[in-house]
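What follows is one structure encoded as structure tokens, with my remarks underneath.
Counting convention: from 1, in listed order, for ligands and their atoms alike.
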Amino acid sequence: MHWLGLLSMPLAVQAQGFSTTMLRFGCSQIVIDRIDPLVEPGSIPSAHVHQMWENAFNASMPVTDISKLASCTSCTFDQDLSNYWTANVYFRARNGTFKRVPQMVNDQIGAANGGITVYYTAPGPNTVTAFKPGFRMFSGDVARRTPTNLGRKVQSCFRCYTGPNFGGNTYSPCFDLQRDTEGLPQTPCPGGIRSSVIFPICWDGKNLDSPNHMDHVAHPVDGPASFAMVDGKCPSTHPVKIPQVHYEIVWDTTKFNNKEEWPEAGSQPFVLSTGDPTGYGQHGDYVFGWKDNTLQHAMDNRCFGPTCRGLTTQGFNKANQCTVKTVVREDNNGWLKELPGGHHIM
Ligand SMILES: *[C@@H]1O[C@H](CO)[C@@H](O)[C@H](O)[C@H]1NC(C)=O
Ligand SMILES: *[C@@H]1O[C@H](CO)[C@@H](O)[C@H](O)[C@H]1NC(C)=O
């Protein structure tokens, strides 16, 4: 379990309540498309390109038990039919054209097709209430272009892998102030770049969604919970502790590391599909879709890593077959004159 570094975690950190109940597993990419059922339901195309993992994904996702709509899952847990999606990353060449940056499979995940690593964390057994069917939420601020300076409590960060094999260190996303940055790395990363997005851990106990997809959830009273530091007290407005959802995506930026091709001004060349050249506007979208009470079961039984007694898993040979058809037909692979949706870099 070196990926969590739990064994080598300093005792002081463990004493602060580092969780021991944590699912960590992979989901293959199912589609890259310009739809967004959470923020722009029914809008084809949506404002910017997303990539998705999981199934039952279309431009408008009904507020219902989506685990009953999907016919397959691209995740390794058979019971997880949730939808996970994020913005894509593009390389901006010196001549002003853009190319989508492919993904690579994360440490200790297996033969996924690109994909995402998903974590669900609880402080211990019987401490969280799993999401209800139809629940969805959003984390991040697409318009942000400045750091929050939340230090280890930051909810979105990047890691510049300094060498192959994840720079030899995949420890504690957003927790390692030496290695993680809130904005996109400023120097070439020989091992690629990891994105991390962390979601709030308190819920109002009533609403499955809210107009901005954020107000029905909240951070603990003493501020956002770092990765796996989930023992904070929830505010009275949002008293129900929910599992901490956390995404990791590893971008294979290695083909774009030639500084001769980087902007002459000396800035880094990567932009999010929203037009964000800083990375501070990184965000994640989540639609819950675990079957029946399976997520509650996992959280209550100290499940850890990619397996859980009582749940079943499939291999990536099967998970990779779970795909959906692209809705918006546009070039996602060539050199583009502009970002899909015509986003300006700002
Ligand atoms: C999306 O999927 C839902 C459920 O399967 C369906 O009711 C709806 O019509 C679909 N919408 C589109 C735009 O395909
Ligand atoms: C722009 O630059 C990229 C990378 O250097 C190159 O592959 C591409 O062919 C160039 N496109 C044009 C239109 O010059």
Side-chain angles (χ1 to χ4, degrees), residues 28-36 44-53 85-106 112-116 142-145 156-167 179-197 248-283 323 325-346:
S28 285
Q29 181 174 295
I30 58 166
V31 71
I32 292 173
D33 210 338
R34 199 137 63 83
I35 58 175
D36 190 338
I44 301 172
S46 65
H48 54 260
V49 169
H50 289 97
Q51 60 188 339
M52 296 90 179
W53 301 276
W85 72 103
T86 68
N88 279 86
V89 171
Y90 285 81
F91 170 74
R92 180 170 38 151
R94 223 171 242 207
N95 62 23
T97 61
F98 298 90
K99 186 142 170 74
R100 188 173 58 79
V101 176
Q103 283 173 250
M104 53 198 228
V105 180
N106 206 351
N113 170 22
I116 192 171
V142 175
R144 180 174 276 285
R145 296 293 180 268
S156 160
C157 73
F158 298 90
R159 179 165 305 180
C160 181
Y161 285 127
T162 51
N165 193 23
F166 312 100
R179 294 185 172 87
D180 295 321
T181 51
E182 243 195 293
L184 281 158
Q186 296 301 311
T187 54
C189 301
I193 297 173
R194 179 180 67 194
S195 281
S196 300
V197 177
E248 279 176 5
I249 301 134
V250 189
W251 307 100
D252 185 2
T253 52
T254 53
K255 284 201 274 313
F256 307 104
N257 278 349
N258 180 3
K259 279 203 108 171
E260 305 282 291
E261 291 176 4
W262 282 33
E264 273 151 298
S267 56
Q268 67 81 30
F270 299 105
V271 297
L272 304 184
S273 53
T274 51
D276 175 9
T278 65
Y280 298 125
Q282 177 171 246
H283 64 284
T323 57
K325 284 208 174 68
T326 308
V327 178
V328 180
R329 299 234 155 260
E330 60 192 356
D331 184 359
N332 283 315
N333 297 309
W335 288 95
L336 308 175
K337 285 211 178 64
E338 56 177 18
L339 287 175
H343 286 283
H344 294 293
I345 306 301
M346 53 191 290

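- Near Thr97, the atoms of ligand 2 lying under 4.0 angstrom from a non-hydrogen atom of the residue are 1 (C).
- Within the listing of ligand 2, atoms 5 (O) sit less than 4.0 angstrom from a heavy atom of Glu261.
- If you check which protein heavy atom lies closest to atom 4 (C) of ligand 2, you get Trp335 CH2, 3.5 Å.
- Residues Val89 and Ser273 are not in side-chain contact: their nearest non-hydrogen atoms beyond the backbone lie 4.5 Å or more apart.
- For atom 7 (O) of ligand 2, the nearest protein heavy atom is under 4.0 Å away.
- With hydrogens and angles disregarded, no donor-acceptor distance shorter than 3.5 Å links the side chain of Arg194 to the backbone of Val250.
- For the residue pair Ser156 and Glu182, no side-chain donor N or O sits within less than 3.5 Å of a side-chain acceptor on the partner.
- Between the side chain of Arg145 and the backbone N or O of Met346 there is at least one donor-acceptor pair closer than 3.5 Å.
- Closest heavy-atom approach to atom 2 (O) of ligand 2 among the candidates Asn95, Asn258, Leu336: Asn95.
- Ion pairing between Asp276 and Arg144 fails under the 4.0 Å rule for side-chain N and carboxylate O.
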